[in-house]
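All remarks here apply to the structure that follows.
Naming: A, B, ... by sequence-line order, numbering from 1 per chain.
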Amino acid sequence: MREKELRRSMSVFPIGTVMKLTDLSARQIRYYEEQDLIHPERNEGNRRMYSLNDIDILLEIKDYLNDGLNMAGIKRIYEMKEYEKQNPPYAQKNLTDHDVRRILYDEIVSASGMSGKPNPFQSNGPKM
DNA sequence: GTTCTAACA
DNA sequence: TGTTAGCA
């Protein structure tokens, strides 16, 4: 079932399509790339070409943003995801990749909501 | 018309 | 983040 992943990794969408699919601005999409959250390829004309995987990540980022996470918190989650890939310990300790991510996620979200002081995971209270 | 980089509000 | 400028 690797054929499927291969296709999901093919960069075939221009930023305009990604904008419509994710409802994110071009500015945001390019910014998340700068933060190493996504890695679109470039075509002959230096245009960014995104894959279905990139789009999935973008949609995930949008969810995290809605939960009040800032870039620091989101990057944490993806950095952790990378760390896990290089260090199999978790996979063998009966926790799936998804479970570990869920745990870290809850940790960051609760840290954002329980402290009265500003913390690195919180994007300063509501702006109203 | 669409996307890109860079920079300023 | 939005937006704008000047290119390709």
Side-chain angles (χ1 to χ4, degrees):
Chain A
M1 191 164 299
R2 197 151 296 172
E3 182 69 23
K4 191 175 177 180
E5 281 209 29
L6 191 68
R7 294 184 191 285
R8 294 189 61 72
S9 298
M10 301 199 292
S11 303
V12 295
F13 305 108
I15 198 167
T17 301
V18 180
M19 289 172 69
K20 293 177 182 175
L21 261 34
T22 64
D23 198 47
L24 289 170
S25 68
R27 182 79 165 77
Q28 290 176 294
I29 296 173
R30 297 189 186 112
Y31 176 68
Y32 301 147
E33 173 186 1
E34 210 174 314
Q35 301 307 302
D36 283 290
L37 267 30
I38 52 176
H39 311 91
E41 292 174 13
R42 298 295 187 109
N43 63 18
E44 315 73 41
N46 192 42
R47 266 71 212 285
R48 270 171 270 247
M49 296 303 273
Y50 302 81
S51 68
L52 288 173
N53 281 323
D54 290 323
I55 293 174
D56 283 339
I57 294 176
L58 253 15
L59 291 173
E60 284 180 43
I61 293 175
K62 229 179 43 162
D63 287 335
Y64 291 140
L65 251 28
N66 282 321
D67 287 330
L69 291 189
N70 56 25
M71 270 310 104
I74 295 176
K75 288 186 72 173
R76 274 283 176 113
I77 293 177
Y78 287 97
E79 283 168 12
M80 172 57 94
K81 190 185 295 184
E82 260 187 64
Y83 177 79
E84 290 168 34
K85 288 195 174 186
Q86 297 171 52
N87 307 287
Y90 298 102
Q92 300 183 309
K93 288 183 179 178
N94 83 14
L95 284 182
T96 69
D97 222 47
H98 182 279
D99 289 330
V100 178
R101 225 175 299 150
R102 205 290 159 61
I103 292 174
L104 174 63
Y105 174 72
D106 287 342
E107 200 172 294
I108 296 177
V109 172
S110 49
S112 297
M114 284 167 58
S115 173
K117 309 171 186 176
N119 73 62
F121 301 130
Q122 183 169 37
S123 57
N124 294 323
K127 304 163 185 172
M128 38 188 270

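Side chain of Asp67(A) to backbone of Leu69(A): no donor-acceptor contact under 3.5 angstrom is found. Counting only distance, with no hydrogens or angles, the side chain of Lys62(A) and the backbone of Leu24(A) share no donor-acceptor pair below 3.5 Å.
Contact annotation: Ser25(A) does not reach the phosphate of dT1(C) (side-chain N/O to OP1 or OP2, under 4.0 Å).
A salt bridge links Glu3(A) with Arg7(A): at least one charged nitrogen is closer than 4.0 Å to a carboxylate oxygen.
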Within the sub-3.5 Å range, which N or O atoms of nucleotides 3-7 of chain B have a protein N or O partner, and how far apart are they?
residue : atom : partner  : partner atom : Å
dT3(B)  : OP1  : Gly16(A) : N            : 2.8
dT3(B)  : O4'  : Arg47(A) : NH2          : 3.4
dT3(B)  : O2   : Arg47(A) : NH2          : 2.6
dC4(B)  : OP1  : Arg48(A) : N            : 2.9
dC4(B)  : OP1  : Arg48(A) : NE           : 3.0
dC4(B)  : OP2  : Arg30(A) : NE           : 3.0
dC4(B)  : OP2  : Arg30(A) : NH2          : 2.7
dT5(B)  : OP1  : Arg42(A) : NH1          : 3.2
dT5(B)  : OP1  : Arg42(A) : NH2          : 2.8
dT5(B)  : OP2  : Arg48(A) : NH2          : 2.1

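The partner of dC7(C) cannot be assigned: no Watson-Crick or G-U wobble pair with both contacts below 3.5 Å exists in any strand.
A side-chain contact (heavy atoms from CB on, under 4.5 Å) with Tyr50(A) holds for exactly one of Val12(A), Thr22(A), Ile38(A); it is Ile38(A).
Contact annotation for Leu24(A): no contact, since no heavy-atom pair falls under 4.0 Å across all strands.
In this model, no donor atom of one side chain and acceptor atom of the other lie less than 3.5 Å apart for Gln35(A) and Tyr78(A).
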